[in-house]
Amino acid sequence: MARTDAINSLQTDRTTPSDSAGATGSGPPGAAAESGAGLRSASKPLSWWGRARRDKVLLLMALPGLVLLLVFHYLPLLGNLIAFQEYLPFVPFGRSAWVGLDNFAVIFNGDPEFLNALKNTLLITLVQVIFVFPAPIALALLLNSLLSERIKRVVQSVLYLPHFLSWVIVIAIFQQLLGGSGLINNFLRSHGMGTIDFLGNPDGFIALLTSQVIWKDTGWGTILFLAALTQIDPGLYEAARVDGASRWRQLWHVTVPGIRGLIILLLILRLGDSLTVGFEQIILQQNLVGRPASEVLDTYVYNNGVLAGQWGVSAAVGLVKGLVAVVLVLGANKIAHIFGEAGVYQK
């Protein structure tokens, strides 16, 4: 018996590493070589077709949105051809007489009506960038400072509601409050005081527009900033408190740098939309204050194109507005890269 055990022990000691690997269940001899080849093949980048097959479920889910984007955003871009034509609606598309750059004369020659619309657009944009753009940031910081989560959710819900109202309803609410027979003027009239023309005063029209936008969209705009605030490491606040930083110092040195990238991103996107200042909001109130005080580029395109039938001129103005927006986005994004921010896109 002892002799048999010695022979079995000697045979076990002579077993090669490859045989041991096969015996222990890690694979037959040569499995390691095959596994190395598999790792090498897996490290090779997939082809375009390979990535498409891998992500086919995600691509199928994105297909309806892509079709809608192509049909309603990119396909209508072909309509910019009428900016170079004397377009007539009853003539088949593309067969109207070509006029070159004649439709752009209102821009290059300084048409007074166009210049007035451009001035109003730039002035409204400047005021809204100063007052409207920082409002969601300030509101998000205030909400973030609330200690009670229940109170925070209630306040957020109340502030979000105006965003879901159409501009028709918003304008009606302001008319009920500020109109000639509205709540405030009825109160003044009942106490023997003179009424105030809030809605028909051309000098206060920009302030009226700005207050309406703040009331309607500020609560909704806080969503992104509140989400960004939750991503800031709480350890940074703790370290700042240990160093003796006040709440103002924590806000300035921890909170603001934490959301700086998002602020720059949204500011760049706002610049791209700077020449679009709320067509529906303005057109609903234009009869109250008159076109000289309320005409902007969007209403200029509508009034001269749809109403007056100058389709080519309106298309030319809209095309130039779009090109200026693209230049503003690209330029602002380049400046963001210079200062080390990601911006809208990276190279």
Side-chain angles (χ1 to χ4, degrees), residues 72-130 132-133 167 202-203 205-206 208-210 213 267-335 344:
F72 292 102
H73 286 269
Y74 286 95
L75 189 60
L77 291 177
L78 297 176
N80 286 318
L81 286 175
I82 69 177
F84 307 94
Q85 295 176 332
E86 188 178 353
Y87 178 72
L88 298 174
F90 51 83
V91 176
F93 179 74
R95 296 186 181 180
S96 298
W98 293 89
V99 295
L101 299 177
D102 291 351
N103 291 327
F104 295 85
V106 295
I107 301 174
F108 300 137
N109 297 337
D111 177 66
E113 188 177 356
F114 168 77
L115 292 179
N116 178 64
L118 179 62
K119 181 196 72 173
N120 291 338
T121 302
L122 295 177
L123 187 58
I124 293 173
T125 297
L126 178 62
V127 172
Q128 292 192 358
V129 167
I130 295 175
V132 177
F133 182 78
W167 275 114
D203 296 331
F205 183 66
I206 295 179
L208 176 66
L209 292 179
T210 304
V213 174
L267 182 59
I268 293 174
L269 295 177
R270 180 67 184 88
L271 288 176
D273 205 32
S274 59
L275 299 182
T276 302
V277 289
F279 167 76
E280 186 179 0
Q281 177 192 10
I282 294 175
I283 203 69
L284 289 171
Q285 305 175 89
Q286 195 166 66
N287 291 334
L288 296 174
V289 295
R291 289 179 61 177
S294 63
E295 188 82 312
V296 294
L297 291 180
D298 285 341
T299 58
Y300 176 87
V301 170
Y302 172 77
N303 289 324
N304 288 275
V306 178
L307 299 184
Q310 299 180 10
W311 305 95
V313 173
S314 298
V317 173
L319 180 59
V320 171
K321 188 187 81 167
L323 294 176
V324 170
V326 171
V327 172
L328 287 175
V329 170
L330 295 178
N333 196 72
K334 183 64 176 179
I335 295 175
V344 179

Review point. Does the pair Val313 and Val301 meet the rule for a side-chain contact (heavy atoms from CB on, under 4.5 Å), with working shown?
Key: CA-CA 8 Å; Val313 173; Val301 170; over 6 Å; no
Practice item. Would you mind listing every side chain to side chain donor-acceptor pair (under 3.5 Å) that reaches into residues 114-124, with sequence neighbours excluded? Key: none
**Study point:** Approximate separation, where rounding is to 0.5 Å, of Leu297 CG and Thr276 OG1
**Key:** 8.5 Å
Practice item. Would you check if Asn109 and Phe104 make a side-chain contact, meaning some heavy-atom pair closer than 4.5 Å? Key: no
Exercise for review: Give a yes or no answer on whether the side chain of Asn103 reaches the backbone of Ser314 with a donor-acceptor pair at less than 3.5 Å.
Suggested key: no
Point to revise | Side-chain (Glu86) to main-chain (Val99) donor-acceptor, under 3.5 angstrom | key: no
Check your understanding: Just wondering, do Pro89 and Tyr87 contact through their side chains at under 4.5 Å, heavy atoms?
Key -> yes
Practice item. Could you grab the distance from atom CG of Asp298 to atom CD of Gln281, nearest 0.5 Å is fine? Key: 11.5 Å
Review point. Do the non-hydrogen side-chain atoms of Ile268 and Val329 ever get within less than 4.5 Å of each other?
Key: yes
Check your understanding: Hey, does Tyr302 have a side-chain heavy atom less than 4.5 Å from the side chain of Val296?
Key -> no
Practice item. Quick one: pull up CD1 in Ile282 and CD1 in Ile124 and give me the separation to the nearest 0.5 Å. Key: 4.5 Å
Point to revise | Within-4.5 Å side-chain heavy-atom neighbours: Phe84 and Leu101 | key: yes
**Study point:** Nearest atoms (heavy-atom pairs only) where Phe205 meets Ser294
**Key:** CE2-CB, 3.5 Å
Practice item. Could you tell me whether the side chain of Asn303 and the main chain of Thr299 form a donor-acceptor pair under 3.5 Å? Key: yes
Practice item. Would you mind reporting whether Gln85 and Arg95 have side-chain heavy atoms less than 4.5 Å apart? Key: no
Check your understanding: Pro202 and Ala293: which non-hydrogen atoms are nearest, and at how many Å?
Key -> CB-CB, 3.6 Å
Review point. When rounded to the nearest 0.5 angstrom, what distance separates CZ in Arg270 from CD in Gln128?
Key: 5.5 Å
**Study point:** CG-CG distance between Leu77 and Leu319, expressed to the nearest 0.5 angstrom
**Key:** 9.5 Å
Check your understanding: How about Val106 and Gln310: do any of their side-chain heavy atoms sit closer than 4.5 Å?
Key -> no
Review point. If we only count heavy atoms from C-beta on, is the Leu323 to Val327 side-chain gap below 4.5 Å?
Key: no
Exercise for review: Give, for atom CG of Asp203 and atom CG of Leu208, the distance between the pair rounded to the nearest 0.5 Å.
Suggested key: 12.5 Å
Review point. With sequence neighbours left out, what residues match Asp111 under salt bridge (charged side-chain N to carboxylate O under 4.0 Å, His left out)?
Key: none
